[in-house]
Amino acid sequence: MRVSQFFLSTLKEPPADAEVISHQLMLRAGMIRRLAAGLYTWMPMGLRTLRKVENIIREEMNKSGAIEVLMPSIQPSELWQESERWDQYGPELLRLHDRHNREFCYGPTHEEVITDFVRKEIRSYKQLPVNFYQIQTKFRDEIRPRFGVMRAREFSMKDAYSFHLSKECLAKTYQIMFDTYQNIFTRLGLEFRAVEADTGSIGGNASHEFHVLAESGEDAIAFSNKSNYAANVELAPVNKVNDTPTTQKENKLEKIATPNQHTIEEVCAFLQVDASQIVKTLIVIGENDTLIALVLRGDHELNAVKAQKLADVADPLEFACEKDIQDQLGCKPGSIGPLNLNCTILIDHAAAELANFVCGANEDGFHHKEANWHRDFNNFDYDTSVDIRKIIEGDASPDGEGSVSIKRGIEVGHIFQLGDKYSRALKASVLGDDSKEQILTMGCYGIGVTRVVAAAIEQNFDEHGIIWPQAIAPFELSLIAVNMKKSNQVQTMCERLYSEIQDTGIEALFDDRELRVGLLFKDHELIGIPHRIVVSDRGLEQGNIEYKGRADTEAQTVPVDEIIPFLKNKIKI
RNA sequence: CGGGGUGUAGCGCAGUCUGGUAGCGCACCACACUGGGGGUGUGGGGGUCAGAGGUUCGAAUCCUCUCAUCCCGACCA
């Protein structure tokens with residue numbers, strides 16, 4: 001492609017409202033433009049990368065045996081009423097009316113449509129298992145779209161849905177999709193991890209998220225340093241360290257005044273103790289609007305996802321207001337402690353292992369020192385202690401092998417074993433080999449296609465711009481001329497090379513603009529094209545072309561005669 | 001939806017406090033010089049100062065409302 005016949009629109013400065021690096025670089029490199037909040041136009045440069053991502057996904061999905069379909073983005077409300085999600089989904093579902101005042105929604109996902117399709121089309125167990133996928137535009141009316149296409153309202157997603165007679169069969173396809181996702185993200189050239197995940201609101205059993213590792217990721221992932229274990233921090237369990245908690249010491253329980261010391265930091269500083277020797281007591285709403293105390297070690301953080309799964313705790317987790325705490329427990333939140341507290345108390349096992357600890361005294365301005373569970377608490381039972389804290393760096397790995405380190409990731413894929421939630425609601429069934437009707441079992445598998453593009457940038461950039469993995473670069477090679485206008489030999493060589501490069505199948509962007517070479521370098525580095533050759537009088541006099549990889553620090557010279565094989569070898573067509 | 005910003009030329013901003021000719025840099029157009037890392041000069045084009053209402057002789061500037069947008073919290077590919 002010649003730049004003169006393409007559309008290049010780079011910005012020297014990032015627009016002020018772009019915060020994250022991928023958003024800034026996508027705007028500056030002329031990949032996208034914002035139309036409205038969470039809505040983006042893909043410009044020619046960005047679209048080339050988007051299409052490459054799609055194609056890799058499509059190829060690998062096809063290889064896995066999945067079959068491509070394309071469903072409408074607008075869906076009738078009736079299907080959503082059948083699954084009961086019309087009422088459950090909330091304002092994120094963009095609802096609309098047609099001219100006859102019939103209700104529709106813009107699809108945020110396609111479980112209903114595909115299940116409806118399958119119940120009409122699939123009659124026999126002999127047609128199973130089957131896995132349909134599409135690459136299609138979704139709309140989710142996010143409360144706060146942000147970070148450019150990373151969290152847009154309209155976005156492109158690859159969604160696949162598999163149908164089975166049995167859970168065993170589903171598990172097989174699930175494994176195939178797991179492997180396919182590994183292949184896809186490997187081919188995309190991204191550093192990623194498959195992690196165990198919460199099944200969340202979609203429901204179902206097994207679930208894995210695929211995360212692209214990047215500093216700016218919104219999710220925290222816990223890894224074992226010894227095994228393959230990886231899990232979203234929201235989900236990662238924390239193992240009990242001891243079989244029995246530390247035994248009490250001789251020191252007596254002591255009540256001390258801690259005037260105006262409310263937070264853990266304040267109390268620690270005031271009493272000169274470490275946060276790990278203090279217990280914090282959080283009051284949340286339980287089932288039936290009772291209050292429940294969650295007790296954690298002072299240096300640990302509550303894991304809300306784990307806590308709200310406990311039978312007594314309301315889901316979603318909700319903290320009690322100060323007034324209710326004051327009215328029902330007799331003091332302000334800053335002085336609550338588990339000793340003689342008049343409500344259900346759930347103790348995190350790390351807190352239950354403490355001895356001689358500090359805790360609130362349930363009296364404004366007072367704490368206890370030297371508290372011990374077995375000695376000072378009636379009915380304390382270590383075995384009933386619960387796991388409600390966030391795993392932290394250095395904790396033992398949940399699978400028992402090695403310890404945990406934590407990295408940040410961007411969720412780009414998610415696979416679920418759905419079960420029969422939708423097939424049951426929509427009565428999707430087939431006849432089995434016993435001639436009996438059987439409800440289908442489903443799996444679903446998503447990849448955020450547009451998000452992959454942003455995530456790839458978050459993982460691959462420097463101060464000059466994007467550094468594309470070759471598989472998804474908009475162009476593979478930059479052909480730049482120094483002062484072509486004034487040099488016939490440069491111009492002739494560029495035309496010759498451009499033609500020969502095209503014959504190799506390498507996708508080159510030939511910058512034939514009459515601009516200073518510095519400008520050309522800046523533009524091509526910003527766009528992130530992985531390979532670059534420069535043709536100049538200076539080089540040609542020595543019979544050389546200059547080559548530089550986008551991530552290289554030094555350029556190298558290559559004899560003119562060898563440049564095409566050299567490039568073929570570098571770019572591996 | 002709560003909290004905090006921001007809306008002035010395509011982009012980045014000043015001007016607003018203290019009302020009085022609409023500005024700067026980049027980009028764009030023309031010409032000339034220049035030519036291996038965002039060069040120089042000369043001359044240009046482009047704005048309903050987010051919108052509406054109000055105060056005033058006079059409003060980008062003061063007041064009221066509306067809209068848009070970004071950042072921090074709960075959701076998700």
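Per chain, numbering begins at 1; letters A, B, ... match sequence-line order. The basis for the numbers below is simple: all heavy atoms, side chains too, and nothing from hydrogens, waters or symmetry mates.
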### Partner set under ring pair (Phe, Tyr, Trp, His ring centres under 6.0 Å) for A:F132, not counting sequence neighbours
A:F117

### Message
Applying a 4.0 Å non-hydrogen cut-off, can you work out what A:R532 is touching in the nucleic acid: base, sugar-phosphate, or nothing?
### Response
base

### Task
Have a look at A:V412 and say if it touches a base, only the backbone sugar-phosphate, or nothing, with a 4.0 Å heavy-atom cut-off.
sugar-phosphate

Could you pull out the protein-nucleic contacts involving nucleotides 7-16 of chain B (nitrogen or oxygen on both sides, under 3.5 Å)?
unit_1	atom_1	unit_2	atom_2	d
B:G12	OP1	A:A16	N	2.5
B:G12	O2'	A:E13	OE2	3.3

### Task
To the nearest Å, give me how far apart CG (A:D141) and C1' (B:A74) are.
16 Å

### Message
Let's see if you get this right: which residues in residues 52-62 of chain A place a heavy atom under 4.0 Å from RNA chain B?
### Response
none

### Message
Using a 4.0 Å heavy-atom cut-off, does A:A152 contact any base of the nucleic acid, only the sugar-phosphate backbone, or nothing at all?
### Response
base

### Message
Using a strict threshold of under 4.0 Å (side-chain N to carboxylate O), is an ion pair present between A:R550 and A:D462?
### Response
yes

### Message
List the residues meeting ring pair (Phe, Tyr, Trp, His ring centres under 6.0 Å) with A:F163, not counting sequence neighbours, and say none if there are none.
### Response
none

### Task
Using the test salt bridge (charged side-chain N to carboxylate O under 4.0 Å, His left out), find all partners of A:R144 that sit at least two apart in sequence or belong to another chain.
none

Enumerate all atom pairs, one protein N or O and one N or O from nucleotides 39-42 of chain B, separated by less than 3.5 Å.
unit_1	atom_1	unit_2	atom_2	d
B:G39	N7	A:R516	NH1	3.1

### Task
Looking at every strand, decide which applies to A:R153 at a 4.0 Å heavy-atom threshold: base, sugar-phosphate, or nothing.
nothing

### Task
Would you classify A:D159 as touching base, sugar-phosphate or nothing, given that sugar-phosphate means primed atoms plus P, OP1 and OP2, and contacts are heavy atoms under 4.0 Å?
nothing

### Query
What residues form a side-chain contact (heavy atoms from CB on, under 4.5 Å) with A:E218, not counting sequence neighbours?
A:R146, A:F147, A:R151

### Query
Less than 3.5 Å between a donor and an acceptor, one on the side chain of A:R144 and one on the base of B:C76, is that the case here?
no

### Message
Restricting to side-chain contact (heavy atoms from CB on, under 4.5 Å), what partner residues turn up for A:T557, sequence neighbours left out?
### Response
A:N544

#### Entry: side-chain contact (heavy atoms from CB on, under 4.5 Å) against A:D219, all qualifying residues, sequence neighbours excluded
A:H211, A:N232, A:E411

### Length of the CZ-P vector between A:F139 and B:A77, whole Å
16 Å

### Summary
Residues at least two apart in sequence or cross-chain that pass side-chain hydrogen bond (donor to acceptor under 3.5 Å, both in side chains) with A:D141, listed by chain then number, are A:R153

### Message
Need one value for A:V452: base, sugar-phosphate or nothing, where a base atom within 4.0 Å counts as base even if backbone is also close, heavy atoms only.
### Response
nothing

### Query
Contact class for A:L27 (heavy atom, under 4.0 Å): base, sugar-phosphate, or nothing?
nothing

#### Entry: salt bridge (charged side-chain N to carboxylate O under 4.0 Å, His left out) partners of A:K332, counting only residues at least two apart
none

## Note on the structure
Contacts of A:A18 meeting side-chain contact (heavy atoms from CB on, under 4.5 Å) (sequence neighbours excluded), chain-then-number -> A:H23, A:Q24, A:L27

